[in-house]
Number of protein chains: 2
Amino acid sequence: MRMTGQRRAILDALQDGHRPLSPSEVLEAASEAIAGINLSTIYRNLKSLVERGDVIVVPTPGDSSRYELAGLAHHHHFLCEQCGRLFDMHGCPGSFAGIAPKGFKVRSHELTLMGTCSSCTP
Amino acid sequence: MRMTGQRRAILDALQDGHRPLSPSEVLEAASEAIAGINLSTIYRNLKSLVERGDVIVVPTPGDSSRYELAGLAHHHHFLCEQCGRLFDMHGCPGSFAGIAPKGFKVRSHELTLMGTCSSCTP
DNA sequence: TTAATTGCAAATGGTTTGCATTGTT
DNA sequence: AACAATGCAAACCATTTGCAATTAA
């Protein structure tokens, strides 16, 4: 994988966003650096960046997946139902392995809080 | 809303499944009672059953939403990465409101454990 | 008979892919 | 030259919708 300007711009967008971004949010942010950048390219580059381990997928309940830079400490997210943005939160309340049914093997977990972010609260 | 045979079959499918079902799982189950039942009808009826409050949507991270009968105690789910089925778990480890950023209003939360269910564990 | 429900096919929206072109080494 | 990366259009898949035909109250 070559580190092209487009991939650089995508990583920059994720870095500057300070929160997980959807593909269309990445497109919007990267478009400011590279006019005419294509959504297919965003998807393809996000995929290869994930395979390479530079970026992780954030599966989001009831909405499309977001992407964020890899290497952050384990944490969870807040989904604003008003503006649709996903935010990072710090820490994790536990492993939750105890509530899994007997015989089920827990590999990971997703915790998402939903509500209204501070910008959208009147 | 009229209680047709199709709607009856859909509710029966959700009841008998003992776990949240995807639209295509509902189709498969309802087809045994009503041959030729259409997927559009499944979607339309699920929607009206949700509006009526008989059924709730279970938004599932990284996968399409599932549906389950309303009225169950607050609980969370386990997604088997092998067979794709979603299972109910009992109880909830907490409110999690404490980890939300300042100024954010929490309305609800989704907790999903991922891994391998007992049927898929070797 | 009146209004809700259904099947079918077409539309939609997000994501992926084929292919010819462009860019990098 | 050899191969990776891109743009574009078409394919895809889950979900929704328009409409004419059917069914329930």
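Convention: sequence-line order gives letters A, B, ...; per-chain numbering from 1.
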Distance-only polar pair, side chains of Glu68(A) and His18(A), donor-acceptor under 3.5 Å | no
How long is the line joining CG of Asp63(A) and C1' of dA14(D), in whole Å?
-> 15 Å
In whole angstroms, the gap separating P of dA5(D) from CD1 of Ile10(A) amounts to 12 Å
Is Arg66(A) side chain donor-acceptor paired with the dG14(C) base, going by distance under 3.5 Å alone?
-> no
Considering only heavy side-chain atoms of Arg44(B), the closest of dA24(D), dG7(C), dT17(C) is dG7(C)
Nearest 0.5 Å, what's the NE2-CG distance between His77(A) and Leu86(A)?
-> 5.5 Å
Distance-only donor-acceptor test, Ser40(B) side-chain atoms vs dT6(C) base atoms, 3.5 Å = no
Would you kindly give the CG-to-P distance between Asn38(B) and dC19(D), to the nearest whole Å?
-> 18 Å
Step-by-step salt bridge (charged side-chain N to carboxylate O under 4.0 Å, His left out) determination, Glu25(B) to Arg19(B) = CA-CA 11 Å; Glu25(B) 285 174 327; Arg19(B) 57 188 188 80; 3.2 Å; yes
To the nearest angstrom, how far is Leu39(B) atom CG from dT12(C) atom C1'?
-> 15 Å
Between Lys47(B) (NZ) and dT16(D) (P), how many Å, whole number?
-> 6 Å
With distance as the sole criterion, do the side chain of Thr4(B) and the base of dT6(C) form a donor-acceptor contact below 3.5 Å?
-> no
Can you check the Asn45(B) CG to dT23(D) C1' distance for me, whole Å?
-> 14 Å
Side chains of His109(B) and His76(A): do they bring a donor and an acceptor to under 3.5 Å?
-> no
Spacing between Leu46(B) atom CG and dT5(C) atom P, to the nearest angstrom = 14 Å
Among dT5(C), dG7(D), dG7(C), the one nearest Met1(B) by side-chain distance = dT5(C)
May I ask you to decide if Val106(B)'s main-chain N or O and Ser108(B)'s side chain share a donor-acceptor pair within less than 3.5 Å?
-> no
Tell me which nucleotide among dT25(C), dT17(C), dC8(D) gets nearest to the side chain of Arg2(A).
-> dT25(C)
Donor-acceptor pair under 3.5 Å, Arg7(A) side chain vs dG23(C) base = no
